Amino acid sequence: MLSELEKRQAEMNATSQANCGRGILFVVSSPSGGGKGTLIERVLNKVPNLSYSVSFTTRAPRNGEIDGREYFFVTTEKFEQMIAANEFLEWAHVHSKLYGTARQQVFLEISEGRDIILEVDVQGAASIRALMADAVSIFILPPSFEILRQRLQSRGTDSPEELELRLRNAPTEVNHYAAFQYVIFNDDADRAAQQMAAIVHAERARLSRQESQVKQVVEAFTAKQLGNSNSNL
Ligand code: 5GP
């Protein structure tokens, strides 16, 4: 009898084999206010064939946030129905609210060979790593606690209680850095975005991700060589 995790792993592996491993999952985490939203936006504007997974959440929209763009904002009841219907690839309680990644959206993107960025908390990143060994994980580290506090305060979108909760959780979150493959210091948004785009490009160039394409090209070289040596006979 397969456990739920084993079933999900088999499902993910089948998807990634079906598309020859072309669609890469990038998992990006940082404490709230770490600047990952801005970085991801810049990278999406810079790098072609890259999409973003819009999560579901039970938290209320902030000023300027649009349903379906930053998040799909749903009630706790709806979220729980989605959990029961197994619609989430992962979900977690974060800062007393529920957040989750829609399974269907991710499958669709990677099965069409598009790379996708998932912006999740450290629990979500751990769940994705357990499901998909070849997911690429990136941690965005704010340069200091003080700068994080200033960013959260100047954002001005959180109530004093929410701000306090986010700051209280930040030290625990940053302590998960070692579980990630890449760490980007977010001291300068331009530099940090360039670094994230470079990671995407470098991961795309890995042999393991383009082996079948490489083989085809190399086989064509070999066929040419054989053709040449036959004509020399
Ligand atoms: P915020 O409310 O500030 O937008 O996000 C709070 C936290 O929830 C952030 O750490 C963010 O990365 C995380 N988060 C956003 N979407 C998801 C998701 O789909 N799954 C998980 N596990 N965390 C998420």
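Since we're looking at a predicted model, the values are computed, not measured. First listed ligand is number 1; within each ligand, the first listed atom is number 1. If you read the sequence from its start, that first residue is 1, and numbering goes on from there.
- With hydrogens and angles left out, the side-chain atoms of Glu119 and Tyr52 include a donor and acceptor closer than 3.5 Å.
- Contact annotation: the side chain of Glu164 never approaches that of Leu152 to less than 4.5 Å [non-hydrogen atoms, C-beta and beyond].
- Under 4.0 angstrom from ligand 1, there are no non-hydrogen atoms of Gln123.
- Distances below 4.0 Å separate heavy atoms of Arg62 from the following atoms of ligand 1: 1 (P), 2 (O), 3 (O), 4 (O).
- Close contacts of ligand 1 with Ser30, meaning ligand atoms under 4.0 Å from a residue heavy atom, involve 10 (O).
- Close N/O approach between Glu173 and ligand 1 is not found [any backbone or side-chain N/O within under 3.5 Å].
- Considering only non-hydrogen protein atoms, atom 12 (O) of ligand 1 sits nearest to Glu119 OE2, 2.8 Å.
- The minimum heavy-atom distance linking Gly34 with Leu148 is given by the pair N-CD1, 3.7 Å.
- Between the side chains of Tyr99 and Gln123, no donor-acceptor pair is found at a separation under 3.5 Å.
- Neither the backbone nor the side chain of Phe56 has any atom closer than 4.0 Å to an atom of ligand 1 (non-hydrogen atoms only).
- Under the ring-ring contact (aromatic ring centres under 6.0 Å, His included) criterion, Phe79 pairs with Phe88, not counting sequence neighbours.
- Partner Ser51 forms a side-chain hydrogen bond (donor to acceptor under 3.5 Å, both in side chains) with one of Glu109, Arg114, Gln105 and no other, that one being Glu109.
- Judged by the shortest distance from any of its heavy atoms, Ser32 lies inside the 4.0 Å radius around the atoms of ligand 1.
- Under 3.5 Å, the side chains of Ser208 and Arg206 contain no donor-acceptor pair of N or O atoms.
- The shortest distance between side-chain heavy atoms of Ser29 and Ser137 does not fall below 4.5 Å.
- Salt-bridge check for Glu65 with Arg59: passed, with a basic side-chain N closer than 4.0 Å to an acidic carboxylate O.
- Close approach of ligand 1 to Ala92 is summarised as follows: ligand atoms under 4.0 Å from at least one heavy atom of the residue are 22 (N).
- Interface of Gly124 with ligand 1, defined as ligand atoms under 4.0 Å from a residue heavy atom, comprises 22 (N).
- Of the protein's non-hydrogen atoms, the one nearest atom 13 (C) of ligand 1 is Asp121 N, 3.7 Å.
- Residues passing the ring-ring contact (aromatic ring centres under 6.0 Å, His included) test with Phe26: none are found, sequence neighbours excluded.
- Side-chain atoms of Gln195 and Arg191 include a donor-acceptor pair closer than 3.5 Å.
- For atom 19 (O) of ligand 1, the nearest protein heavy atom (residue, atom name, distance) is Ser55 OG, 2.6 Å.
- Geometrically, Arg129 engages Phe180 in a cation-pi contact defined by less than 6.0 Å to the ring centre and at most 45° from the axis.
- The shortest contact between atom 9 (C) of ligand 1 and any protein heavy atom is with Lys36 NZ, 3.7 Å.
- Looking only at protein heavy atoms, the nearest one to atom 4 (O) of ligand 1 is Tyr71 OH, 2.5 Å.
- Proximity of Val94 to ligand 1, defined as any heavy-atom pair under 4.0 Å, is confined to the side chain (atoms from C-beta onward).
- Ligand 1 lies nowhere less than 4.0 angstrom from a heavy atom belonging to Lys97.
- The protein heavy-atom contact nearest to atom 20 (N) of ligand 1 is Glu90 OE2, 2.7 Å.
- Residue Arg59 touches ligand 1 through its side chain alone, judged by heavy-atom distances below 4.0 Å.
- With a 4.0 Å heavy-atom cut-off, ligand 1 is reached by no atom of Glu65.
- Scanning the protein heavy atoms around atom 6 (C) of ligand 1, the nearest turns out to be Tyr99 OH, 3.5 Å.
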